Amino acid sequence: MLIFRHLIRRAFSTTSSTQTHLKNQSLQPKTFFNRVRGDRDPIVNRLCKDRRYTEAVRILCEQKRLKEAVEILDHHVKQSYSSLYTSLLLLCIQKRGLKEGSVVHRHMKGLEEEPGVFLCNRVVEMYAKCGSMELARKVFDEMRERDLCSWNVLVSGYAYAGMLDEARQVFDEMGDRDSFSWTAMISGYARSGRGVDALELFRLMQCVEGCRSNKFTVSSVISAAACCACLNSGKEIHGHIIRAGLDSDEVVWSSLSDLYGKCGSLEQARYIFNKALGKDVVSWTAMIDRYFGEGRREEGYQLFSNLMESRVKPNDFTFAGVLNACAGHAAEDIGKQVHGYMMRVGFDLSSFAASALVHMYSKCGNMTNAKRVLHETKWLDLVSWTSLINGYAQNGQPEEALQSFELLLETGIRPDHVTFVAVLSACTHAGLVDKGLEYFESIKEKYGLTYTGDHYACVLDMLARSGRFKEAEDIINKIPMKPNKFLWASVLGGCRIHGNIDLAARAAEALFEIEPENPATYITLANIYATAGKWGEVSNIRKIMQDRGLTKKPGMSWIKIKREVHVFLIGDTSHPMFKEICDYLGELSKKMREEGYVPDTKAVLHDVEEEQKEQNITYHSEKLAVAFGLIVTPPGTSLKIYKNLRTCVDCHSALKFISKISKRRLVVRDSNRFHCFEEGRCSCKDYW
DNA sequence: CTAGGGTTAG
């Protein structure tokens, strides 16, 4: 990628910058929750020794060390201090500390003097924001005196919790309403996807005299229009925004851009984005992610590059978005550059920018860096671990995957259902069926999790691949939900390997019902019949496909040489070097046969002569791409090839021979996973 | 004192 050239910096050239970032990061609850007393700063210790507890609490509050502050308050402070409560409650709200909040509340109640409305409002807000609307309501109901703010806090609390009907009830009950009340209600509807209700309420609001909408109101109502795809209402409000002069705020611009992105076009969204006077990092991030979301990767990367050149600093959300795009595109080169940039400008090591890094490296098959990042960040985060386990599983290192799972358990983090999907797939790739079944059992028995469709799909994939169809069918018959397409596709795949025609027919039948338009099912089933020599069935299926207008997705491979992408289709003759490539493949084929390669023509559907079949598979797109790469690069260079479909059995075997003969490392990323061919072996150990 | 936009894993 040329666009990042000026920013390239080796991501791992130094570890000292990592240390700096560790120091700079904010105190995140997850990372620093376990700070023990011995770690307390000396001033606080001194104050405690002198029994100046109130001051100690104040300092801890400033340092956002909620737990310790509340502990001291609870045990040592005997008097009431309104201002202390206010800051403690604020901190509880910030950190979602319900437990600490209720301790503070209890402390307040033990006092002679009754707390004022101001403080009570804070308590209601604290309970609401920390997730207990029951307690919030209880405090509200018991308040002797209430002001408008008390009501507003309750409404916004219910709205925030997604309890819109309750919110509306309180809203309708209250006597006076100001912009706060209306906005809280409107934004609640918008966030819960009830855009129409929000728009309706906004119309009502405009009829109320003396209750003007402000920037908060309009940004909420615009996001409401976006969520229900009401472009026309959105445009009307857009006009209102201009007329009322509310267009000087970056959040308003950002929601407008979102509106046009969601129900207009990316071009309109970009137009608004360009027009916005103030563009903060959120607007940038949203616009970049919008491009990636629509699959317009070049524009996404380009805009990210523009952002880096602007005065706005990308944040962890921005990094996570770009890195996840890189992961999806297997664009390790760009991902590395982004990583390098992050190291320079700094990022929060305990954010999902860090886990996005692990994810990116895992997806790109660079497990060394993935592991390194995970350990460097010291962010004991389940998502990162899951990415790592999955990465190992998909990159042919199932032992490392299971080892990582054991390490994860040692940290005390409880794995969730997604983690087990990764663990089971590792067992599948390693051929560890019995161990996999043990893990499968433990999901329910040991960890008390409910099986998801994916768990069943994984375990059936495992059993079907190893030909244990009896056990597979037992499980299929016991599944409480309707098996999904992934499950049946796995079963079908296993039947292909072991030639189980009966179960294959059942699986295919189910798949035809779920996704009749997917050609892959027809092709696989036809392959199974073809392998068994049942040509009548094969032509039947071909006829059905024709009738339904389905065609096989053409295989396509591409390879990047000197920043230029070369694309090959099956049997493609259009490449300028096609003749050289063919000659080279011919030579290669001779050497391969001497080494023991036998073309596997099972994958060829057509009922044609063997020789013709061999011809067909010789020109599979990945073979063309590899041959081209071998010709144009110097000896010893490793090649990276991308493919849109799964690798076929013959190509897989051929590539093993080619890696041995050419003494090259060949990395193939197919639609499912990475294959790393080296010295006649593949990292996937023939599971894919 | 209360309200707004973008937000990981398979």
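The chains referred to below are lettered A, B, ... by the order of the sequence lines, with proteins before strands, and numbering in each begins at 1. FYI, side chains are in, hydrogens and waters are out, and symmetry mates aren't considered; it's all heavy atoms of this structure. None of these values were measured; they are calculated from a predicted model.
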* Do A:Lys444's NZ or CZ and the ring of A:Tyr451 fall within the cation-pi criteria of under 6.0 Å and 45°? -> no
* Asked: According to the salt bridge (Lys or Arg N to Asp or Glu O under 4.0 Å) rule, which pairs have a member within residues 280-293 of chain A, sequence neighbours left out?
  -> A:Asp258-A:Arg290
* Taking only the side-chain nitrogens and oxygens of A:Lys129, find out if one of them lies under 4.0 Å from OP1 or OP2 of B:dA3. => yes
* Asked: Does a nitrogen or oxygen in the side chain of A:His359 sit under 4.0 Å from OP1 or OP2 of B:dG10?
  -> yes
* Asked: Between the base of B:dG6 and the side chain of A:Asp289, is there any donor-acceptor pair under 3.5 Å?
  -> no
* To do: Taking only the side-chain heavy atoms of A:Asn390 (C-beta and beyond), determine which of B:dT8, B:dG5, B:dG10 contains the nearest atom.
  => B:dG10
* If a pair satisfies salt bridge (Lys or Arg N to Asp or Glu O under 4.0 Å) and one of its residues is in residues 265-278 of chain A, list it, with sequence neighbours excluded. => A:Glu267-A:Arg296
* **A:Glu62: partners by salt bridge (charged side-chain N to carboxylate O under 4.0 Å, His left out), with sequence neighbours left out** => none
* Asked: Can you name the residues that form a side chain to side chain donor-acceptor pair (under 3.5 Å) with A:Glu173, not counting sequence neighbours?
  -> none
* Asked: Between residues 248-259 of chain A and DNA chain B, which residues have a heavy-atom gap below 4.0 Å?
  -> A:Asp249, A:Glu250, A:Val251, A:Val252, A:Ser254
* Which salt bridge (Lys or Arg N to Asp or Glu O under 4.0 Å) pairs, counting each pair once, include a residue from residues 149-167 of chain A, with sequence neighbours left out? -> A:Asp165-A:Arg194
* Asked: Does the side-chain ring of A:Phe317 lie flat on the base of B:dT7, meaning centres under 5.5 Å and planes less than 30 degrees apart?
  -> no
* To do: Among the candidates B:dG5, B:dA3, B:dG10, find the nucleotide nearest to the side-chain atoms of A:Val282.
  => B:dG5
* Asked: Between B:dG5, B:dA9, B:dT7, which nucleotide has the shortest distance from any of its atoms to the side chain of A:Ser283?
  -> B:dG5
* Structure fact -> Among B:dA3, B:dT2, B:dA9, the one nearest any side-chain atom of A:Val153 is B:dT2
* To do: Classify the side chain of A:Asp280 versus the base of B:dG5 as yes if they form a donor-acceptor pair under 3.5 Å and no if they do not.
  => yes
* To do: Quick one: list whatever passes side chain to side chain donor-acceptor pair (under 3.5 Å) with A:Arg168, sequence neighbours left out.
  => A:Asp172, A:Tyr189
* Considering just the side-chain nitrogens and oxygens of A:Arg191, establish if one lies under 4.0 Å of OP1 or OP2 belonging to B:dG4. => yes
* What residues in residues 145-152 of chain A put a non-hydrogen atom under 4.0 Å from any atom of DNA chain B? -> A:Asp147, A:Cys149, A:Asn152
* Is there a donor on the side chain of A:Ser355 or the base of B:dT8 sitting less than 3.5 Å from an acceptor on the other? -> yes
* Identify, with sequence neighbours excluded, every residue that meets salt bridge (charged side-chain N to carboxylate O under 4.0 Å, His left out) alongside A:Arg146. => none
* Tell me which nucleotide among B:dA3, B:dT8, B:dG4 gets nearest to the side chain of A:Ser220. => B:dG4
